[in-house]
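One structure is given here, and the rest of the page talks about it.
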2 protein chains.
Amino acid sequence: MRNSEASKERILEAAMAEFSAYGIAGARVDRIAKAAGCNKNLIYIYFESKEKLFTTVLEKNLVRVYQELAFASQDLASYAGRLFDFAIANPDLMRLLAWSNLEQAATSSNERVTSRDAKIAELQKAQETGQIAETFTPDFLLTAIMTLATGWTAANPFGLLHDPQATKHPAALRKDLEKAVRLLTAHTSEDS
Amino acid sequence: MRNSEASKERILEAAMAEFSAYGIAGARVDRIAKAAGCNKNLIYIYFESKEKLFTTVLEKNLVRVYQELAFASQDLASYAGRLFDFAIANPDLMRLLAWSNLEQAATSSNERVTSRDAKIAELQKAQETGQIAETFTPDFLLTAIMTLATGWTAANPFGLLHDPQATKHPAALRKDLEKAVRLLTAHTSEDS
DNA sequence: ACAAACTAACTATCTGGTTAGTTATAACCT
DNA sequence: AGGTTATAACTAACCAGATAGTTAGTTTGT
């Protein structure tokens with residue numbers, strides 16, 4: 001047989017590039033087919049519609065995040081650092097996330113909500129056991145850490161607000177990021 | 001005359017709503033015309049093209065940010081708080097910014113770059129005079145503050161990562177945000 | 001009468017999705 | 001081994017609706 005799995009894979013790769021560059025509305029199925037070196041109809045046979053192809057690409061790549069990045073409430077600085085590295089290493093995925101957020105407002109997959117709830121619970125526990133300070137609510141902490149760690153990607157609403165060269169030498173940024181997270185989670189003299 | 005200025009205004013308002021909802025590629029000129037209650041051709045007479053209409057809408061609304069939000073390197077916590085309030089009060093503009101960032105990668109207006117450079121310079125000076133700590137580079141501080149302050153808007157790449165109800169009672173978030181900025185800029189015991 | 005403000009109808013092109021058909025491969029039969 | 005067949009993999013050509021942008025003309029105030 002003329003390998004169908006390989007074809008699917010090529011389509012998914014081409015779709016990733018296309019969607020990350022143009023979003024759902026801006027993506028062109030013809031362009032994806034051409035880049036994948038296959039007939040457009042194959043896309044519809046394998047993935048049903050443009051929108052479903054998008055969510056397939058997103059889910060597939062999002063799995064990697066959950067697998068590669070274990071949340072660690074006892075060492076949030078390291079988690080933030082790893083998330084930062086991942087974001088810098090995968091700008092396409094960050095763009096995909098941003099597109100999804102803007103274009104698929106309604107769709108908030110159960111998986112993501114569950115994952116969020118678990119993180120919040122972990123943070124709460126870490127605060128109760130004194131591993132991290134109670135300076136901030138778990139809710140604030142989570143969003144703060146996530147946005148800080150991904151603030152240097154294309155997903156930043158202010159775009160290239162940051163020095164475009166900054167991400168070429170990410171080591172310094174990462175150090176500062178970890179320092180910042182440590183500050184936000186450290187016990188202070190005012191603590192009871 | 002049948003007021004042309006008012007028509008332009010109505011078009012700009014309708015365009016704001018349309019672009020913020022669907023982005024450039026997803027926006028429909030017909031829909032904008034209908035919402036503005038005018039003929040589609042008027043849009044092309046007044047604004048030349050869909051893309052130019054978008055940038056016009058963006059620039060017009062961005063001016064408000066620069067006018068209403070004076071950067072204050074000597075009180076960054078307050079600046080962050082005001083930026084947060086503004087972002088919460090103007091979700092459409094935040095979305096517009098996000099779209100612009102994704103869809104117009106190349107276009108980075110001089111105004112924005114200049115404004116950034118000015119802020120960096122101010123931060124540097126504030127550090128030299130000891131107004132804020134030198135714990136972080138001005139570059140890191142600026143991006144950190146901007147992303148933190150806008151992390152609870154639709155512009156967040158992780159979408160409704162945060163509790164959807166959180167932004168309904170923003171006062172608590174704002175307090176935490178200001179506290180966080182104070183932590184990041186405060187002199188610590190380790191300082192020389 | 002004149003020009004600015006506005007409109008209805010049109011067009012060329014694009015685009016997601018479909019149809020109808022072809023080619024390669026493996027299993028089966030003799 | 002050679003021929004037959006079923007089917008999975010793939011393709012070229014097509015279509016209907018949508019869409020940015022245009023044209024040619026009408027209304028309205030002065």
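Predicted model only: the values in this text are computed from it and were never measured. In what follows, chains carry the letters A, B, and so on, assigned in the order in which the sequence lines appear, proteins first and then strands, with residues in each chain numbered from 1.
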query = Could you give the CG-to-P distance, from Leu42(A) to dT18(C), as a whole number of Å?
reply = 14 Å
message = Does Asp30(B) contact dA20(D) through a side-chain donor or acceptor facing the base, at a distance under 3.5 Å?
response = no
ask   = Below 3.5 Å, does any donor atom in the side chain of Lys40(B) face an acceptor in the base of dG21(D), or the other way round?
value = yes
inquiry  = Let me spell it out: for each of Ile45(A) and Ala25(A), pick the nucleotide of DNA chain C with the closest heavy atom. Which residue's pick is nearer the 5' end?
reply    = Ala25(A)
query = So, do Leu184(B) and Leu76(B) sit near enough that their side-chain heavy atoms are less than 4.5 Å apart?
reply = no
inquiry  = Mind checking if Tyr46(A) touches a base, just sugar-phosphate, or nothing, with heavy atoms under 4.0 Å?
reply    = sugar-phosphate
ask   = Nearest to the side chain of Ser49(A) - dA12(D), dG17(C), dT23(D)?
value = dG17(C)
query = Within this structure, what is the CZ-to-P distance between Phe47(A) and dG16(C), rounded to whole angstrom?
reply = 16 Å
query = Considering only heavy atoms and no angle criterion, is a donor-acceptor pair shorter than 3.5 Å present between the side chain of Arg2(A) and the base of dT23(C)?
reply = yes
query = dA13(D) C1' sits how many Å from Asn39(A) CG, rounded?
reply = 10 Å
ask   = Looking across every strand, which nucleic acid part, if any, lies under 4.0 Å from Ala6(B) by heavy atom: base, sugar-phosphate, or nothing?
value = nothing
message = How about NZ on Lys34(A), more than 12 heavy atoms from neighbouring residues, nucleotides or ligands closer than 6.0 Å, or not?
response = no
ask   = What pairs with Glu178(B) under side-chain hydrogen bond (donor to acceptor under 3.5 Å, both in side chains), at least two apart in sequence or on another chain?
value = Arg174(B)
query = Counting just side-chain N and O atoms, does Ser4(A) come under 4.0 Å of either OP1 or OP2 of dA9(D)?
reply = yes
message = Is Ser7(A) close enough to dC10(D) that one of its side-chain N or O atoms is under 4.0 Å from OP1 or OP2 there?
response = yes
ask   = Expressed in angstrom and rounded to an integer, what is the separation of Lys50(B) atom NZ from dA20(D) atom P?
value = 4 Å
ask   = What heavy-atom pair brings Ala180(B) and Phe140(A) nearest, and what distance separates the two atoms?
value = CB-CZ, 3.9 Å
